[in-house]
Asks: 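Just dropping this structure here.
Letters go in sequence order (proteins before strands), and every chain restarts at 1.
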Amino acid sequence: MGTSLSLAACFRYSAPMSSFSEDDAFEAASQPVRTPLSQRAMQGARPTTYLDDLNPAQREAVEALDGPVLMLAGAGTGKTKALTSRIVHLFSTGRARPNEILSVTFTNKAAREMKTRVERLLGGAVEGMPWLGTFHAICVKLLRRHAELAGLKSNFTILDTDDQIRLLKQLILANNIDEKRWPARQLANLIDAWKNRAWTPAKVPSGEATAFNNRGTELYEQYQHRLRELNAVDFGDLLLHVVTIFQAHPDVLEQYQRWFKYILVDEYQDTNVAQYLWLRLLAGAHKNICCVGDDDQSIYGWRGAEVGNILRFEKDFPGAKTVRLEQNYRSTPHILAAASSVISGNENRLGKTLWTDKPEGEKLRLIGHWDGDEEARWIGDEIEALEKGTRGLSPYTGDDMAILVRASHQMRAFEDRFLTIGLPYRVIGGPRFYERLEIRDAMAYFRLVTSPADDLAFERIVNQPKRGLGDKAQQKIQMAARANGTSLLDGARILLQDQGLTGKGAAQLSRFIDQIDRWHEVARLHTTAATLADEDDVILDEDRPQAPFGHIELAEQILDESGYTEMWQNDKTPEAPGRLENLKELVKALENFDNLQGFLEHVALIMDNERNDDAEPKVSIMTLHAAKGLEFPVVFLPGWEDGLFPSQRSMDESGLKGLEEERRLAYVGITRAEELCTISFAGNRRVFGQWQSQLPSRFIDELSEEDVEVLTPPGLYGGGFGAASGGSVQSGMEKRMTEANVYNSPGWQRMQARAGNRPVSQPRESRGSVIDMTAASSHTVGERVFHQKFGYGEIIGVEGDKLEIAFDKAGVKKVVAKFVTNPDDVPF
DNA sequence: GAAATCTTGCTTTTT
DNA sequence: GCAAGATTTC
């Protein structure tokens, strides 16, 4: 289980959101007394200690408490430190109490980190920061309070993408639109994009909705309608509804404007239009808003983030103070210089110059490989060498190293390789627990039990495990529900009463309904118990109905008696045991919650999957996006090839804007490295199972050459001519030539020629060498060779011009000698 | 109704 | 090259 998940880790830090009364410091806030938290801040040894720790720029940003502030914080410049110190400063100057500060982040992880660090600064736990969280988590709180203003009940469910797609699919079908031509997935993306722009169906510009036979807006409208019927929202709605409420109900908005005395925003460059409006509305009155961000690290444009928001800040908030944090505490000068040389290619920047007083350190390393497998092999070897300390550097552990890829499919090559050499690794951001089939099914059971009107949950599990309720039976249920205007569960009830369903299916359905009813009753007792316990600390009365058992037992019972567990026990596919294991973990995770409802609420919002609880050091593999905000002493950046990185799709879809975002991604990647950064590319890569030759990324050309050392891959272009030409590089030549013997290699030149972009000169030695070598065809047993189709192999027999070869992957084959080449000088 | 086989489209990136 | 979905087959 390479990507084994630890649910426990996901929930470890979770402040239970089960009851939202605890955050209602809001209403209770009339007491003029200072909270224990700010008291602690005041009496903490000397109130200035946290300020002494800051550099001048950080201190300036922390002390500028009133009015709009833009903190431009470059990579590794101590932005979280500044942000958390600012919070503490707000407390200790008495400007705001913890529950009057709104601080928003994008990820749960960032929110946790901030909470932890504020606590550390204060030397104790923070009890009263209910408004520190992600945009989404905070919006859920707000929306629960004002749900009726959005036509919802306050116990609305938050749909996951899966439910969303299924719902949209139904709509598309109902509208007689060809689902193949216009997939639900695409509609989901479209609607999501609209929501990110804060467009309600009425606000979608007519020119926008050409897709779906010009019926995009119509479908959007129907979808919203359906969501309201289901008392459900999707992710985009969380923001959109709140913004709409604020816009339509100035009294509500005003209440919050007054309440949130200070607003802090992390990663401001990632805000989309809806979030931007949300912030502007809330900050509209006092304008005490401090946005922290780095325009150079804006990498979420594809999901609606607007770099423009940060670029425009000073216009949006006249008189804003801008503070630049430019001292970098993370990387060596070479790394910073190289990163800065790449990012300087972007036009639209606010501009920052990072500097550091760290010692010079190693140059970045650049290396080209024959193909992706070779790249993975080399990096694996390199990691092992670095762990042993054989690179002339002090030994690193796996935890110190990370491989950052552009697209997740690149991970496979590394996983394969690391598995074969037994190198421990961890994949960050892989398939998440809540996306797993069995977890979703189980959750659907829980959902149906807590809210029997949840039709989507019903659909998902009526026939899971098989209850003999196929398409036609389900259609009957649908019809019964629609005819009576009820939920599917009640529709099924009516159907049974009317004898609309008979036989085995009917019996099973009836049993299913009875079970849900019974469990619902228990779940209801749990939630009322929780509410009562919250409201008055009185121990439950004798005569108050009491649940026969706790929510954990309930969950177990649901999964067992419904036959769901059994279904997997009887399943003989190899993944079944893992699924059962996951279900166990799911139940275990319930321990941290009071009842199922609280659990569901939490899971809906938990979108990250942190699992760093392993004792064994492991190399991290993740995407560049997932790496933002992280740092590692050693970083590998493979796959720097045009089309892959920068991604073709990104450039096709968004042109120059897309390219600039890719470049920022490159910047993010390089700046993750503290000491050693290795960029690599491969000449060949399998794309959709098809071999394709690749050109090195244009970003490689943008690296400042004085900060880069070009490595010759051992065994590739090495020995013979490669080494001969490699050492003697003349200065003053075109950059590419000075950069490497890689660039002098036959393969490279071939690639250049193909691209119509020839290097100015070619070292004599390398010309024609390839042909000479292969023409000689003097093969011996034991020799390593390469075959275009079968890959690498070792010669185990020679018969005239026929060779018997044991290929690494393809097995033993007999091939004609002229079809194989020496792996050291394979022509492209 | 379920299993076996064939086809398709897919690779960004995520709250 | 693969996984999901569709289609065919039992």
Side-chain angles (χ1 to χ4, degrees), chain A residues 104-111 133-140 158-162 164-165 169 179-181 183-186 188-189 192-193 195-196 233-240 266-267 270-272 274-275 298-305 372 404-413 416 428-432 434-435 437 463 465-474 504-505 571-573 575 603-609 622-628 639 643-654 658 661-662 664-665 668-669 685-692 809:
Chain A
V104 254
T105 62
F106 274 86
T107 63
N108 294 296
K109 197 173 142 202
T134 63
F135 275 102
H136 296 270
I138 289 169
C139 281
V140 171
I158 303 165
L159 296 193
D160 59 32
T161 332
D162 208 49
Q164 201 185 344
I165 302 275
K169 204 175 261 176
E179 208 237 313
K180 288 221 184 81
R181 209 183 126 97
R185 168 104 246 152
Q186 196 184 328
N189 288 336
D192 200 50
K195 288 183 175 176
N196 285 338
V233 298
D234 64 21
F235 262 94
D237 278 339
L238 293 173
L239 256 301
L240 182 62
D266 193 14
E267 308 279 16
D270 289 338
T271 49
N272 61 35
Q275 288 157 339
S298 162
I299 55 176
Y300 286 107
W302 51 272
R303 67 169 203 218
L404 312 181
V405 297
R406 173 67 248 263
S408 45
H409 64 86
Q410 287 172 263
M411 293 180 181
R412 167 169 292 148
D416 283 354
I428 309 239
R432 279 174 289 243
Y434 66 89
E435 281 174 353
L437 181 86
N463 205 29
K466 301 280 176 267
R467 294 191 176 86
L469 300 163
D471 282 352
K472 44 186 166 40
Q474 290 193 39
K504 230 173 87 190
D571 191 301
K572 62 231 168 290
T573 52
E575 56 265 26
V603 168
L605 285 172
I606 277 291
M607 288 313 212
D608 56 1
N609 50 346
M622 69 187 95
T623 63
L624 287 162
H625 284 88
K628 194 168 78 155
L644 180 59
F645 188 42
S647 129
Q648 194 56 52
R649 181 159 168 188
S650 187
M651 293 188 292
D652 289 347
E653 280 173 9
S654 319
E661 181 152 318
E662 295 288 307
R664 290 193 290 266
L665 216 34
V668 167
R685 202 173 281 279
R686 235 196 312 241
V687 182
F688 298 138
Q690 211 64 24
W691 281 103
Q692 245 182 39
K809 290 198 175 127

Asks: So A:Phe688 and A:His409, do their side chains get closer than 4.5 Å, heavy atoms only?
Replies: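 No, their side chains stay 4.5 Å or more apart.
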Asks: Examine B:dT14: is either OP1 or OP2 under 4.0 Å from a nitrogen or oxygen in the side chain of A:Thr107? Give yes or no.
Replies: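 Answer is no, no contact under 4.0 Å.
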Asks: Using whole Å, what does the distance between atom C1' of nucleotide B:dT14 and atom CG of A:Asn272 come to?
Replies: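 Those two atoms, CG and C1', are 12 Å apart.
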Asks: For the salt bridge (charged side-chain N to carboxylate O under 4.0 Å, His left out) test, which of A:Arg664, A:Lys628, A:Arg303 pairs with A:Asp270?
Replies: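 Answer to the salt bridge (charged side-chain N to carboxylate O under 4.0 Å, His left out) test with A:Asp270 among A:Arg664, A:Lys628, A:Arg303: A:Lys628.
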Asks: Using whole Å, what does the distance between atom P of nucleotide B:dT11 and atom CZ of A:Phe645 come to?
Replies: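 Computing the A:Phe645:CZ to B:dT11:P distance gives 19 Å.
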Asks: Between C:dA6 atom P and A:Lys169 atom NZ, what is the distance in whole Å?
Replies: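 It is 6 Å, rounded to the nearest whole Å.
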Asks: Expressed as a whole number of angstroms, how long is the span from A:Asn189:CG to B:dT14:P?
Replies: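 The distance from CG of A:Asn189 to P of B:dT14 comes to 14 Å, rounded to the nearest Å.
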Asks: Rounded to the nearest angstrom, tell me the gap between atom NE2 in A:His409 and atom C1' in C:dC2.
Replies: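 Rounded to the whole Å, the gap is 13 Å.
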Asks: Any chance you could list the contact pattern along nucleotides 1-10 of chain B? Use B for base contacts, S for sugar-phosphate-only contacts and - for none, protein heavy atoms under 4.0 Å, 5' to 3'.
Replies: SS-------B
Asks: From C-beta outward on A:Arg686, which listed nucleotide comes closest to its side chain: B:dT11, B:dT13, C:dG1?
Replies: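 Nearest listed nucleotide: C:dG1.
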Asks: Check whether the aromatic ring of A:Phe135 stacks on the base of B:dT15, taking stacking as ring centres less than 5.5 Å apart and planes within 30° of each other.
Replies: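 Ring-base stacking flag not set for A:Phe135 and B:dT15.
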Asks: To the nearest angstrom, how far is A:Gln410 atom CD from C:dG1 atom C1'?
Replies: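 Value for this atom pair: 16 Å.
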Asks: How would you list, by chain and number, every residue that makes a ring-ring contact (aromatic ring centres under 6.0 Å, His included) with A:His136, sequence neighbours excluded?
Replies: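 Once residues adjacent in sequence are excluded, the partners of A:His136 under the ring-ring contact (aromatic ring centres under 6.0 Å, His included) criterion are A:Phe235.
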Asks: Are any of the side-chain nitrogens in A:Lys195 or A:Asp234 under 4.0 Å away from the carboxylate oxygens of its partner?
Replies: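 Salt bridge present between A:Lys195 and A:Asp234.
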Asks: Let me know which of A:Thr623, A:Leu404, A:Ile299 forms a side-chain contact (heavy atoms from CB on, under 4.5 Å) with A:Leu665.
Replies: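 Per the side-chain contact (heavy atoms from CB on, under 4.5 Å) rule, the option paired with A:Leu665 is A:Ile299, out of A:Thr623, A:Leu404, A:Ile299.
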Asks: Measure CG/A:Asp234 against C1'/B:dT15 and give the value in whole Å, please.
Replies: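 Distance, rounded to whole Å: 12 Å.
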Asks: Using a 4.0 Å heavy-atom cut-off, does A:Glu653 contact any base of the nucleic acid, only the sugar-phosphate backbone, or nothing at all?
Replies: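 Base, at least one base atom sits under 4.0 Å.
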Asks: When the distance from CD of A:Gln692 to P of B:dT11 is rounded to whole Å, what number comes out?
Replies: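 One finds 16 Å between P of B:dT11 and CD of A:Gln692, rounded.
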Asks: By centroid distance (under 5.5 Å) and plane angle (under 30°), are A:Phe106 and B:dT15 in a stacked arrangement?
Replies: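 By the stated criterion, A:Phe106 and B:dT15 do not stack.
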Asks: Among the nucleotides C:dC2, B:dT14, B:dT11, which one has an atom lying closest to any side-chain atom of A:Arg412?
Replies: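 Side chain of A:Arg412 sits closest to C:dC2.
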Asks: On DNA chain B, does the nearest nucleotide to A:His136 precede the nearest nucleotide to A:Glu662 from the 5' side, or the other way round? Give the residue.
Replies: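 Counting from the 5' end, the first nearest nucleotide belongs to A:Glu662.
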Asks: Tell me the closest heavy-atom pair linking A:Glu661 and A:Tyr300, and the distance in Å.
Replies: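 Of all heavy-atom pairs spanning A:Glu661 and A:Tyr300, the closest is OE2-N, 3.5 Å.
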Asks: Would a 4.5 Å heavy-atom cut-off, applied to side chains only, mark A:Leu159 and A:Val233 as touching?
Replies: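 The answer is no, as the side chains (C-beta and beyond) never meet within the 4.5 Å cut-off.
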